[in-house]
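Below is one structure; the comments refer to it alone.
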Amino acid sequence: MEKNEPKSSAPEVTGNGSSLVFAVNGEKFEVAKVDPSSTLLEFLRTNTRFKSAKLGCGEGGCGACVVMLSKYNPVLDQVEDFSVSSCLTLLCSVNGCSITTSEGLGNNKDGFHPIHQRFAGFHASQCGFCTPGMCMSLFSALTNAEKTNRPEPPPGFSKLTASEAEKAIAGNLCRCTGYRPIADACKSFTADIDLEDLGINSFWRKGEPKEVKLRRLPLYTPNVKVSRYPEYLKGWFKSAKNLDLENYSWYNPTTLEDLKSLLNTNVNDDSVQIKLVVGNTGMGYYKELELYERFIDLRFIPELSIIRRNHKEIQIGAAVTISRVIAFLREDDTVNSSSDGKQVFQKIADHMEKIASGFIRNSASIGGNLVMAQRKNFPSDIATILLAVGSTVTITTSHKQESLTLEEFLARPPMDSRSVLLSVHIPFLDPKRKGNSIASDSQLVFATYRAAPRQLGNALPYLNAAFLADVSHHAKGVLINEVQLAFGAYGAKHAIRARKVEEYLLGKMLTASVLCEALKLVKVAVIPEFGTSHAAYRKSLAVSFLFQFLSPFVNVDSAICGGSSNGFTGSLPEDISRNPSDSSDSQLANSTLLSSGKQEVKSSRDYYPVGEPMIKFGAAIQASGEAVYVDDIPSPPSCLHGAFIYSTKPLARVKGVDLNSNNQLHGVSALISHKDIPEGGENIGSKAMFGGEPLFADEITRCAGERIAFVVAETQKSADIAANSALVNYDTENLDPPILTVEEAVEKSSFFEVPPPLYPKQVGDFSKGMAEADHKILTAEIKLGSQYYFYMETQTALAVPDEDNCMVVYSSIQNPEYAQSVIAKCLGIPEHNVRVITRRVGGGFGGKAIRAMPVATACALAAHKLCRPVRIYLNRKTDMITSGGRHPMKITYSVGFKSNGKVTALHLDILINAGISADISPIMPSNMIGALKRYNWGALSFDIKVCKTNHSSKSAMRGPGEVQASFIAEAIMEHIASVLSVEVDSVRNINLHAFESLNVFYGESAGEAPEYTLTDMWDKVGGSSCLVQRKEMIEQFNRSNKWRKRGISRVPVVYDVMVRPTPGKVSILWDGSIVVEVGGIELGQGLWTKVKQMTAYALSSIGCNGTENLVEKVRVVQSDTLSLVQGGFTAGSTTSESSCEAVRLCCMILVERLAPLKSKLQEQMGPVNWDVLILQAHYQDVNLAANSYYVPGSSSIHYLNYGVAVSEVEINVLTGETKILQADIIYDSGQSLNPAVDLGQIEGAFVQGIGFFMLEEYLINEDGLTISDGTWTYKIPTIDTIPMQFNVELLNSGHHTERVLSSKASGEPPLLLAASVHCATRAAIKEARKQLNTWSRLDGLDSAFQLDVPAILPVVKSLCGLDSVERYLESLVTDDNNNDNNTIAS
């Protein structure tokens, strides 16, 4: 490989056919040897110094790897720029292109780009792992907006609209921030946004004049300092040739004849594997492991790469990207047909924009999508919408070229590798003609639909549909002249035309009866295959979508009474048309995703700079990609890479592990197992206070996902392939059946012991409380599933052998001290021979605590055995299968209560599924009861069992136990309200604690009476959110809308936190700069930032000049277990404050040491400057390094956090989709150490809670093996799933003498407030069920229904009635003839 710095007089590149030539951030790369299956991301991370593009999923589903690709179009003589997913883009496909990564925009040395500065200034980067990808998605959008013909924006702004800015990052995932600050940073570049509407930032204060805001905002000037496409690359196109790379070949045919020749070479040799390439995005879904001998890039064949139109159709080359198709269909001059025909193309484009994400659509081809649908039954949206409009395709096989209807193409046997889809043809569409002219009363109506977990971003639909109808208006109603109905993605092999439904509707006048019959036929046509998840829901969607399409054309008067129609407009009534699944809804495209958000914070200068909303330390270098994570550390010489082989069985003997015989070709070096533990070492992979877990299974594997062995190879890719293809030989003979449920654990008495001091105490007399009750619920059951951490950076470690039998391990971990101990035990060496270093962690949430230890230990063991460095970066699938996640559980409760809703007694039987090892599970009972005590239950008793099962070990995840308990508490409140038929808010209110009952339930943790702020906050958020008025508005809305219902809910949180002992060390250097070490790990929670602020505050108490900006002199350095011991766990939300206190103690020691010298100097020279004082202290041998170990006192080790949230949601009764309209949060942060950081923690935690309660299904198979193992199957929140109005207030509750500078924790408690979204959804469903009840002519209503967690679309729709449409129509058909003023969809 050759790298040259770009020069203005660079010679013309003349590719010789054996080298790749491209540029990265202006630097030229010429690569002679490369595996054609190598991706651009692999190359960037292993062969360049540019590490900003990260591997988050390897599927194109997270956006962490996004870069901008620029290529020269010699025909138009212009450079085309677009974002791409570098984890899927094949390196050979960038020949002659230029790549821009976030480092290429700007950096710490040369100056940051305004994107970097604004991301930092808007507090839009926490762990920072996703930030460079976010920046590049935005930069690509900005670059392309500048090419438009829009009016020039004011200085400092771009041509991008606010809506486009938000949508630019719709496919990028973030687990930390909650997206609101990211959206604000993006929108700050748009001229159509009011800067006052943007959230808290470091540039201005709320209310300052616009000119001040503009002056302080980092100036954006398009295309300044960024070299997108070096001139020297343009010459490459003049001499580009095919690439012959080692034993593989990459071909760029330029004619169809060349293509056919390549395909038919060795036509009789089936062993020759051929891969046709355009964008390679299909690899994100189908993880192909085949070795291809021949790669054929189709993009240079004109017939496959252009879009043509003639008088009857649009011809789209199969290699044209989806983004290009969308842009073409939206052009005004695309068609010359009627306005109806233009509307069809516009709606096709709108629907296509909901497929995948922008950086995937920019690479993915329309032909590739259809071929995946045809060959591999991919649930394609494009196939469905093109099927509905009567599209055709042209294909070539080894024998001939032929044209087929899309329906025929999809129904054919799968295409072989030598057949090629050449083009797609979309016909021009006009309404029905009379002779040579369009009938005046005929109208073309087209609509597309999809129901998916997310409106935007990567999310496959449960079902998609597209309908085309030619209708005409007559005195008696609307006549169906022609109709084409397509359904897809519902669990069939491919999209279908519902022919029998079409035949039935053809020529009929639409009535309610006709519609009823058509919907019955739809249910016969749309039949998911056996084993399809949520099959009944998918079928109900088909009914809902056709009803939604046809119902506007049916008038109840004419349908039932024979009266005249009230007219036909061809548009959907408002109640249905706002359905976001209908691509005819332009509201989504033309409005911002987040209408607004307000943040109220009160910063205090009592302890300046503590209390200031300072920018998070390192945010800018995180944005530019210069922040170094473990996988960014350059590999040492001779470094090997590892991958885990894990069990797929819950309980079995491991007879052996066979690696594929071809793995020698992949450079496999060793297979490490429990047999390789050195003499004197132990088979230990992790430890907690309740015991350890083996590193590898020995003769018996005890759960699916357990580590069996560790493959070590020359590259990470080789190790992953070897591990994935390994064959494990199992034997289950004479073994007891595995324990896979908590019920089985109870039956077999399989429990983990909870130490008596940790088991919570009962409150009151349950029997007495039940005797006092007016009403009783004797038994009710709740089941809760798991949740995956989805940190953006997966588990990773690097182990480097050192001299004297030592080992240096770089680990992304929340507790390096424990990893040091485990590694030492495993290797059989003293702990002082093991040095674990952690600089920063790309997201943790508890998953990088216990679960990170085996990863670091396996690397250390392999490095110890092979005497070579070994590293690992877990692929997302392995991480999801082996990490464990949140604890599932089963809850049974009995509760007694008064007629006014006041609870008198509650009993809980809780069975917690802990998995195969104890991990932290024995603390779960205490955590759960602590969170349950938020309400005054009168008497509270419980029996909690921690069950040992043959599942992967469950571990701490943000709010472990507390989150589940929060749901349990609210579910009980909902149940009581249902029994009493009263408003649940009143039940919650009457059961809030007075301080006296709080003291009974929480004891010393309750603190003093003035600290109890919950009841005041309860009332305050009720007022600030206009709760009473909104309830009235919601009632009116629900009365006026059949197919959309709204609900609102107010929920409190009381959270008992524990402060842990933490070490600190502060050293002052010669120049007055300060180095700080703390036990806490920077996970993105702003710990380092708060520590810097505390250091500056504490040292400034010396009273010198020059300490005003002392915070700029402070650097917090990485954790090193041989430098600072007893680091402990970074967990439980309190490590930031305890680290701050440890540092404050160090600073007080230093101030005490410096005070005599300062007094002496002051006497000699008057006011003393900080730099002078420190210089003199060094000369006079003052000890300027201080250590401390902060141990909280008995009165400060526990305290309570309070918060209240009000959330309003809207559900779509037809689809089950949920939209969070508004969330209002008030949170007591004490006297915040940094309001901006705490605000970010609150918003991020709340949105992660939305994921748990509403979105994230962490599913397993019958053996307990995780099957939600990637971004395709596991859906965390995205920017389009957060509250549209997101208001947060930090309550400054004054001085708390037992807190660290009166501060309180913010990391975990706000997550529990997301239960308000779930409860609001339940309220909306309750209204839908009332309505369903009236249609069914039922008197009573089962209002005590259970809304599962997560409340995904099928769950919501099922509770609203899978047959709600049928029931509604039946009620109309059978109703009396007195509905004069009703229409079907009103």
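Computed from a predicted model, the values in this text were never measured in an experiment. No hydrogens, no waters, no symmetry mates; every other heavy atom, side chains included, goes into these values.
Every pair passing side-chain hydrogen bond (donor to acceptor under 3.5 Å, both in side chains) that includes a residue from residues 1089-1103 is listed here, sequence neighbours excluded: Lys1090-Asp1238, Gln1093-Asn1234. Within the structure, ring pair (Phe, Tyr, Trp, His ring centres under 6.0 Å) pairs that include any residue of residues 1098-1117 do not occur (at least two apart or interchain). Contacts classified as ring pair (Phe, Tyr, Trp, His ring centres under 6.0 Å) and involving residues 1114-1160 (residues at least two apart or in different chains) are given here: Tyr818-Phe1129. Counting only residues at least two apart or in different chains, side-chain hydrogen bond (donor to acceptor under 3.5 Å, both in side chains) contacts with residues 1164-1175 comprise Lys1113-Asp1171.
The two residues Pro132 and Ser52 make their nearest non-hydrogen contact at CB-O, 3.4 Å. Contact record, Ser125 with Gly128: OG-CA, 3.3 Å, taken as the closest heavy-atom pair.
Proximity of a side-chain donor or acceptor of Ser1133 to a complementary backbone N or O of Glu1308 within less than 3.5 Å is detected. Side-chain atoms of Asn201 come within 3.5 Å of backbone N or O of Gly199 as a donor-acceptor pair. Judged by distance alone, with hydrogens and angles left aside, the side-chain atoms of Tyr1012 form a donor-acceptor pair with the main-chain N or O of His993 at under 3.5 Å. Side-chain N or O atoms of Lys848 include one that pairs as donor or acceptor with a backbone N or O of Gly843 at under 3.5 Å. Side-chain N or O atoms of Gln1085 include one that pairs as donor or acceptor with a backbone N or O of Ile1081 at under 3.5 Å. Using a distance-only test at 3.5 Å, with no hydrogens or angles considered, no donor-acceptor pair links the side chain of Gln1285 to the main chain of Gln1222. A distance-only check finds a donor-acceptor pair linking the side chain of Glu626 to the backbone of Asn108 [under 3.5 Å]. No side-chain donor-acceptor contact under 3.5 Å links Glu166 to the backbone of Ala183.
Ile1197 has its side chain within reach of Met1058: a pair of non-hydrogen atoms, C-beta onward, lies under 4.5 Å apart. A heavy-atom distance below 4.5 Å is not found between the side chains of Asp1016 and Leu1291. Side-chain contact between Ile169 and Cys186: present, with at least one pair of heavy atoms (C-beta onward) separated by less than 4.5 Å. Between Cys174 and Met134, the closest side-chain pair of non-hydrogen atoms falls below 4.5 Å. With a 4.5 Å cut-off on side-chain heavy atoms, Glu1082 and Val1116 do not count as touching. Val601 is not listed as a side-chain neighbour of Pro613, based on a closest heavy-atom distance of 4.5 Å or more. Counting heavy atoms from C-beta outward, Asn1201 and Asp1228 have side chains that stay 4.5 Å or more apart. In this structure, Phe1286 and Val1247 have side chains that are in contact, with non-hydrogen atoms separated by less than 4.5 Å.
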Practice task
Decide side chain to side chain contact (heavy atoms under 4.5 Å, CB included) for Ser1232 and Tyr1227; before the verdict, give the C-alpha distance in whole Å, the side-chain angles of both, and the deciding distance to 0.1 Å.
Solution key: CA-CA 11 Å; Ser1232 173; Tyr1227 185 78; over 6 Å; no
Practice task
Would you please test Ser1136 and Leu1233 for side chain to side chain contact (heavy atoms under 4.5 Å, CB included) and show each step?
Solution key: CA-CA 9 Å; Ser1136 292; Leu1233 298 174; 5.5 Å; no
Problem - Glu196 and Lys213: CA distance, side-chain angles, deciding distance, salt bridge (charged side-chain N to carboxylate O under 4.0 Å, His left out) verdict - result: CA-CA 9 Å; Glu196 187 64 21; Lys213 295 184 174 76; 2.8 Å; yes
Handout entry: Audit row: Arg1144, Val1300, side chain to side chain contact (heavy atoms under 4.5 Å, CB included) steps and yes/no
Key = CA-CA 10 Å; Arg1144 192 185 70 83; Val1300 176; 5.8 Å; no
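With 3.5 Å as the limit, one finds no donor-acceptor pair spanning the side chains of Gln622 and Thr131. For the residue pair Glu1137 / Ser1303, no side-chain donor-acceptor distance below 3.5 Å is found, with atom types taken as modelled.
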Donor-acceptor pairs under 3.5 Å, side chain of residues 1181-1193 to any protein atom, not counting sequence neighbours: which ones?
residue : atom : partner : partner atom : Å
Asn1183 : OD1  : Ala1185 : N            : 3.1
Ser1188 : OG   : Ala1142 : O            : 2.6

Ignoring hydrogens and angles, write down the donor-acceptor pairs under 3.5 Å from the side chains of residues 1061-1070, residues two or more places apart or on other chains.
residue : atom : partner : partner atom : Å
Thr1062 : OG1  : Arg1060 : O            : 3.2
Thr1062 : OG1  : Ser1138 : OG           : 2.8

Could you pull out every donor-acceptor pair under 3.5 Å between side chains of residues 114-124 and any protein atom, sequence neighbours left out?
residue : atom : partner : partner atom : Å
His116  : ND1  : His113  : N            : 3.3
His116  : NE2  : Ser102  : O            : 3.3
His116  : NE2  : Ser102  : OG           : 2.9
Arg118  : NE   : Pro218  : O            : 3.2
Arg118  : NH1  : Ser188  : O            : 2.8
Arg118  : NH1  : Ser188  : OG           : 3.1
Arg118  : NH2  : Gly156  : O            : 3.3
Arg118  : NH2  : Pro218  : O            : 2.7

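Counting non-hydrogen atoms of other residues, nucleotides and ligands closer than 6.0 Å to CZ of Arg1115 gives a total of 12 or fewer. Few gaps surround CD on Glu1108; more than 12 heavy atoms of other groups in view lie less than 6.0 Å from it. For Lys206, the NZ atom sits in a packed shell: over 12 heavy atoms of surrounding residues, nucleotides or ligands are nearer than 6.0 Å.
Considering only residues two or more places apart in sequence or on other chains, Gln1162 meets the side chain to side chain contact (heavy atoms under 4.5 Å, CB included) condition with Lys1158, Val1168. Applying the side chain to side chain contact (heavy atoms under 4.5 Å, CB included) criterion to Ser1195, with sequence neighbours excluded, gives Glu1298. By the salt bridge (charged side-chain N to carboxylate O under 4.0 Å, His left out) test, Glu1289 is found to be paired with Lys1020, residues two or more places apart in sequence or in another chain being considered. Every side chain to side chain contact (heavy atoms under 4.5 Å, CB included) that Ala1096 has, sequence neighbours left out, goes to Pro609, Leu1110, Val1111. With sequence neighbours left out, the side chain to side chain contact (heavy atoms under 4.5 Å, CB included) criterion links Gln599 to Arg180, Ile200, Leu1239, Glu1243.
For the side chain to side chain contact (heavy atoms under 4.5 Å, CB included) with Leu1311, the qualifying choice from Glu962, Gln1241, Gln1248 is Gln1248, the only one to do so.
Between atom OG of residue Ser1119 and atom CD of residue Gln814 there is a gap of 12.0 Å, rounded to the nearest 0.5 Å. Atoms CG and NZ, from Asp197 and Lys598 in turn, are 9.0 Å apart once rounded to the nearest 0.5 Å. Here CD of Glu1011 is found 6.5 Å from CZ of Arg1299. Values are rounded to the nearest 0.5 Å. Note that CD of Glu208 is 9.0 Å distant from CZ of Arg215, once rounded to the nearest 0.5 Å. Note that OH of Tyr1002 and CZ of Arg934 are 8.0 Å apart. Values are rounded to the nearest 0.5 Å. The distance from the CG atom of Leu1154 to the CD1 atom of Ile1149 is 12.0 Å, given to the nearest 0.5 Å.
The cationic atom of Arg840 (NZ for Lys, CZ for Arg) lies less than 6.0 Å from the six-membered ring centre of Tyr629 and within 45° of the ring axis.
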